[in-house]
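The structure appears below as structure tokens.
Starting from 1, each residue takes its place in the sequence as its number. FYI, side chains are in, hydrogens and waters are out, and symmetry mates aren't considered; it's all heavy atoms of this structure.
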Amino acid sequence: MPRLAVSELKKVYRARNGDGVVALNGLSFEVGDGELLVMAGPSGCGKTTTLRLIAGLEQPCSGSIALDGQPMNGLKPHERDVAMVFQSDALLPHLSAYENMALGLRLRRVDKAESNRRVEEAAALLEIAGLLKRFPGELSGGERRRVALGRAIVRRPKLFLLDEPLANLDAELRVRMRQLIQRVHKELRATMIMVTHELADAQNVRTIILERGQPVRVS
């Protein structure tokens with residue numbers, strides 16, 4: 001059984017003039033347990049929409065989503081064992097890197113000692129242990145991106161969704177972040193979907209190329 005199964009997913013947005021804009025049109029794919037799947041394609045092809053539907057931030061017009069064989073259609077985001085890393089990082093500026101990473105655990109009332117251990121382990125894995133006391137405004141773009149990834153890691157979800165995690169990084173940082181994501185995937189044996197518009201980010205992993213809401217190539 002696949003970890004994630006998406007079947008005939010369709011999403012249509014209504015424009016102000018009443019016309020329908022098709023974001024996804026019958027998208028189907030599966031992700032195996034512990035697999036890193038990359039979804040690539042140009043802006044507007046439906047990559048981020050796919051992640052938002054899986055995360056429960058939006059609802060499909062039709063089609064189904066199942067995680068470990070359990071239907072997720074209609075479930076609220078907090079009812080899904082899914083963690084999404086947004087392109088914007090979405091860090092709270094008044095909280096330190098440590099507090100940002102631990103916030104979700106605190107809201108879930110995870111024991112403080114366990115929370116500390118998870119944050120420290122994630123920070124070591126992402127090589128940001130020395131940055132935990134800093135605030136987002138004191139971090140570089142690459143450092144903020146790693147804190148956002150760490151916030152997802154500490155939750156230990158069944159599925160990670162990475163929305164353009166390499167966007168707006170210079171070439172050197174892009175390569176380093178790509179290596180870190182591969183390291184996290186390998187060491188945690190995590191199931192991940194990463195979306196990108198750069199095919200170079202999809203080296204040596206299974207890739208779905210999207211165009212106008214439909215896959216045009218799977219490699």
Side-chain angles (χ1 to χ4, degrees), residues 36 38-40 42-44 47-52 54-58 76-78 80-157 159-188 190 192-198 200-202:
L36 169 59
V38 173
M39 190 170 291
S43 296
K47 305 185 302 296
T48 296
T49 297
T50 301
L51 296 192
R52 292 180 63 84
I54 295 171
L57 300 176
E58 298 185 34
K76 297 178 180 179
H78 70 271
R80 308 181 185 210
D81 197 0
V82 174
M84 184 165 174
V85 179
F86 298 91
Q87 181 179 345
S88 63
D89 301 330
L91 300 179
L92 297 176
H94 63 287
L95 298 182
S96 67
Y98 175 91
E99 292 167 331
N100 267 286
M101 290 174 64
L103 179 61
L105 299 178
R106 182 167 63 83
L107 294 176
R108 290 172 175 80
R109 298 182 180 180
V110 174
D111 176 79
K112 188 172 183 179
E114 173 66 11
S115 178
N116 289 339
R117 187 176 66 82
R118 292 192 195 184
V119 171
E120 290 171 359
E121 288 179 352
L125 178 62
L126 296 168
E127 301 175 355
I128 54 172
L131 305 176
L132 293 179
K133 293 182 180 180
R134 297 187 186 180
F135 291 85
E138 301 172 318
L139 302 174
S140 68
E143 290 166 347
R144 289 194 298 271
R145 202 66 51 88
R146 280 183 277 172
V147 171
L149 181 55
R151 180 177 55 191
I153 289 173
V154 299
R155 284 185 51 191
R156 299 180 178 175
L159 178 65
F160 290 86
L161 305 175
L162 311 181
D163 186 12
E164 297 277 9
L166 310 178
N168 304 319
L169 300 178
D170 61 37
E172 183 177 350
L173 280 176
R174 195 178 188 94
V175 171
R176 182 59 184 145
M177 191 66 186
R178 188 187 304 148
Q179 292 171 340
L180 279 172
I181 290 172
Q182 291 172 340
R183 179 181 174 187
V184 168
H185 170 247
K186 181 179 180 180
E187 295 198 15
L188 299 183
M192 294 180 163
I193 302 176
M194 182 177 82
V195 305
T196 179
H197 60 273
E198 295 285 349
D201 298 332

For R178, the side-chain hydrogen bond (donor to acceptor under 3.5 Å, both in side chains) test, sequence neighbours excluded, returns D201
Distance-only check: which donor-acceptor pairs under 3.5 Å involve side-chain atoms of residues 101-113, not counting sequence neighbours?
{"unit_1": "R108", "atom_1": "NH1", "unit_2": "G104", "atom_2": "O", "d": "3.0"}
{"unit_1": "D111", "atom_1": "OD2", "unit_2": "A113", "atom_2": "N", "d": "3.0"}
{"unit_1": "D111", "atom_1": "OD2", "unit_2": "E114", "atom_2": "N", "d": "3.3"}

Do you know the tightest heavy-atom contact between N100 and R151? O-CD, 3.4 Å
Atom pair CG/CZ of L169 and R144 - distance to nearest 0.5 Å: 9.5 Å
Apply side chain to side chain contact (heavy atoms under 4.5 Å, CB included) to the pair E164 and T196, showing each step before the final yes or no. CA-CA 5 Å; E164 297 277 9; T196 179; 4.1 Å; yes
To check you understand the geometry: which heavy-atom pair defines the closest contact between I54 and R80, and what is its length? O-NH1, 2.9 Å
Check the pair M177 / L149 against side chain to side chain contact (heavy atoms under 4.5 Å, CB included), numbers first and verdict last. CA-CA 10 Å; M177 191 66 186; L149 181 55; 4.1 Å; yes
What distance do R52 atom CZ and E58 atom CD have between them, rounded to the nearest 0.5 Å? 4.5 Å
Are E121 and R117 ion-paired here, with the side-chain N under 4.0 Å from a carboxylate O? yes
Using the side chain to side chain contact (heavy atoms under 4.5 Å, CB included) rule, take V184 and M192 through it: C-alpha gap first, then chi angles, then the decisive distance, then the call. CA-CA 10 Å; V184 168; M192 294 180 163; 3.5 Å; yes
Is it the case that the side chain of R183 and the backbone of L126 share a donor-acceptor pair, with hydrogens and angles ignored and the cut-off at 3.5 Å? no
Looking at side-chain heavy atoms only, is the closest gap between I193 and T50 below 4.5 Å? no
Starting at CD1 of I181, measure out to NZ of K186 and round the result to the nearest 0.5 Å. 16.0 Å
If you count the non-hydrogen atoms of other residues, nucleotides and ligands that lie under 6.0 Å from CD in E172, is the total more than 12? no
Taking R118 for its side chain and V154 for its backbone only, find out whether a donor-acceptor pair lies under 3.5 Å. yes
For residues 88-98, please give each side-chain donor-acceptor pair under 3.5 Å, one per line with the distance, not counting sequence neighbours.
{"unit_1": "D89", "atom_1": "OD1", "unit_2": "R145", "atom_2": "NE", "d": "2.7"}
{"unit_1": "S96", "atom_1": "OG", "unit_2": "E99", "atom_2": "N", "d": "3.1"}
{"unit_1": "S96", "atom_1": "OG", "unit_2": "E99", "atom_2": "OE1", "d": "3.3"}
{"unit_1": "Y98", "atom_1": "OH", "unit_2": "N116", "atom_2": "OD1", "d": "2.0"}

Nearest non-hydrogen partners of V82 and A55, listed with the distance: CG1-CA, 4.4 Å
Atom CE in M194, atom CG in L166: separation rounded to 0.5 Å? 5.0 Å
Of the non-hydrogen atoms in A152 and V85, which two are nearest, and what is the gap between them? CB-CG2, 3.7 Å
For L57 and P77, which heavy atoms make the closest approach, and how far apart are they? CD2-CG, 4.0 Å
How long is the gap from CG on L180 to CD on E127, to the nearest 0.5 Å? 5.5 Å
Which pair of non-hydrogen atoms, one from P165 and one from V195, has the smallest distance, and what is that distance? CD-O, 3.7 Å
Separation between CE (M84) and CG (L159), nearest 0.5 Å, reads 11.0 Å
